[in-house]
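The next block holds one structure in the form of structure tokens; read it before the comments.
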Amino acid sequence: MKLWGGRFSKETDSLVNDFNASIQFDFRLCREDIQGSIAHARMLADCGVITREDREKIIAGLEGLWTDIEAGRVEFTAENEDIHMNIEALLTERIGEAGKRLHTARSRNDQVAVDLRLYLRREIGEITAQILDLQQAVLELADQHQNTVMPGYTHLQRAQPISFAHHLLAYGEMLRRDVTRLQDCKERMNWCPLGSGALAGTTYPIDRWQTARLLGFDGPCSNSLDGVSDRDYAVELLSALSVLMMHLSRFSEEIILWCSWEFKFIELDDAYSTGSSIMPQKKNPDVAELVRGKTGRVYGDLMSLLTVMKGIPLAYNKDMQEDKEPVFDAVDTVKMCLPVFTGMLSTLRVLPENMRRAAGSGFINATDCADYLTKKGLPFRDAYTTTGKLVSRCGELGKLLEELTLEELREISPLFEEDVYGALRLETCMEQRGSWGGPAAGETGRQIAELGQFIHEYRARTANIIGSIRGEGKI
Ligand code: ARG
């Protein structure tokens with residue numbers, strides 16, 4: 001009979017049984033379910049709701065169950081619907097009467113809510129650690145390429161000279177925001193719904209602060225209806241993961257472009273490329289393409305969850321069981337993408353001469369030419385027009401700006417002098433861009449140092465997150 005079978009006179013239809021069950025995916029919450037139950041049992045005993053003997057039996061039973069689950073000796077069944085009832089049934093089978101007392105002052109509604117928060121809090125720690133690894137790879141590559149000139153683009157048209165380091169460090173910044181977004185999300189998530197009961201709290205003299213503390217939360221959720229109904233933290237997490245994937249997808253797109261024959265700025269390592277079944281010459285950037293493609297999955301997961309949540313009245317509704325698969329899918333996808341992306345980035349070969357060659361055409365020093373005239377006293381707008389005329393003259397002569405003779409330059413403006421050639425060198429143009437955040441080596445050096453400091457600081461914090469969860473609840 002079902003744990004909830006008391007008022008029923010018929011067995012559940014087998015189709016309904018399978019339809020209703022969530023054990024096929026929520027088995028993943030078993031560690032957290034046991035952790036939450038241990039904290040609950042401790043609190044119940046301390047508050048005098050169950051005896052110390054029952055508490056000892058429950059905790060020993062749950063710990064034994066966890067050992068067996070980890071060793072693969074336990075099978076869950078759809079007959080018991082979900083992870084919560086599977087664990088309770090298995091516990092009762094093992095320890096008898098005491099097992100039946102565990103569910104006092106608790107509902108599956110607050111149980112699932114606490115399990116999911118615990119689970120996602122841990123995943124945030126692991127994902128953060130993976131992002132930090134990627135940032136480290138970005139930092140190391142940037143460090144080697146502070147003087148590697150490449151064209152910076154707007155509209156995918158060559159625009160102004162930058163260094164490869166400068167380009168990479170832009171991703172360093174995006175990933176920095178991703179890390180802090182996840183930490184913000186974790187902060188709002190870190191409130192404990194356990195003790196909200198089904199929706200209206202409980203008549204037992206429980207101590208919600210104790211369970212919250214035992215489970216490493218900052219405190220109990222303030223309103224019991226909200227405690228069981230809230231999935232904002234999962235929406236926030238999926239939204240943070242969507243932004244992260246958006247960044248990885250843009251980075252992937254650039255890697256795909258850079259290793260095309262049209263650019264040839266980089267070459268991917270053989271271990272991170274794939275071949276074609278028919279074209280023997282091919283070396284394809286499948287990893288980057290898959291990361292770009294999987295971004296769609298994570299956006300889809302976010303949309304699914306938002307849509308599940310949008311029309312349901314307070315408090316718990318079974319619709320909310322549909323929260324788990326998108327959440328698990330997004331977490332799995334991100335955790336699969338990050339390390340493979342890091343591997344791809346840290347093994348790729350940079351081809352600086354091709355970047356330099358691309359930077360050499362396309363008049364990416366035209367702004368610098370206008371700036372040269374401006375520094376000689378011409379208002380910028382006039383300098384801009386004069387340089388435009390020069391570019392058009394270059395078109396007629398088939399020359400670059402720096403290939404025009406001083407006479408040709410002076411035909412357009414008498415302000416040009418011999419020093420213009422130095423000013424138009426791409427290396428000079430880049431090095432002169434020493435404004436805060438710019439590509440000059442002094443500035444990329446500062447950005448690298450800051451990123452290194454950030455990685456160092458957050459590695460320490462992540463170690464705490466993972467450590468504190470392991471340390472709590474005796475698991
Ligand atoms: N398996 C359920 C879920 O994931 C657990 C909560 C069930 N609560 C209930 N009142 N039926 O949402």
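Keep in mind that the numbers below use all heavy atoms, side chains included, and drop hydrogens, waters and symmetry copies. Order of listing sets the numbers, starting from 1, for every ligand and every atom in it. Residue numbers run from 1 in the order of the sequence given.
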Study note, to complete from the structure: Note: ligand 1 atoms sitting under 4.0 Å from heavy atoms of Gln321 are 1 (N), 2 (C), 3 (C), 4 (O), 12 (O)

Practice item. Can you pull out the closest protein heavy atom to atom 11 (N) of ligand 1? Residue, atom name and distance to 0.1 Å, please. Key: Arg108 NH2, 3.4 Å

Review point. Among pairs that include at least one residue of residues 72-84, which meet salt bridge (Lys or Arg N to Asp or Glu O under 4.0 Å), considering only residues two or more places apart or in two chains?
Key: Lys2-Glu79, Asp68-Arg73, Glu81-Arg108, Glu81-Lys318, Asp82-Arg108

Exercise for review: Please report which non-hydrogen protein atom sits nearest to atom 8 (N) of ligand 1, along with the residue it belongs to and the distance in Å to one decimal place.
Suggested key: Asn109 OD1, 2.9 Å

Exercise for review: Return a yes/no value for Tyr316: is any of its N or O atoms, backbone included, closer than 3.5 angstrom to an N or O of ligand 1?
Suggested key: yes

Check your understanding: So, Asp286 versus Thr274: side-chain donor-acceptor pair below 3.5 Å or not?
Key -> yes

Check your understanding: Atoms of ligand 1 less than 4.0 Å from Ser22 heavy atoms?
Key -> 1 (N)

Exercise for review: Please check if any side-chain donor atom of His247 sits under 3.5 Å from a side-chain acceptor atom of Arg250, or the reverse.
Suggested key: no

**Study point:** From Gln135, Glu254, Arg176, residue fulfilling side chain to side chain donor-acceptor pair (under 3.5 Å) relative to Tyr171
**Key:** Glu254

Check your understanding: Any idea how Trp258 and Phe251 line up, ring-wise: parallel (<30°), tilted (30 to 60°), or perpendicular (>60°)?
Key -> perpendicular

Review point. With a 3.5 Å cut-off and no angle check, do the side chains of Ser304 and Glu322 form a donor-acceptor pair?
Key: no

Check your understanding: For Lys324, is the nearest heavy atom under 4.0 Å from an atom of ligand 1?
Key -> yes

Review point. Asp82 to ligand 1: N or O pair under 3.5 Å?
Key: yes

Point to revise | Residue portion contacting ligand 1 (non-hydrogen atoms closer than 4.0 Å) for His84 | key: side chain

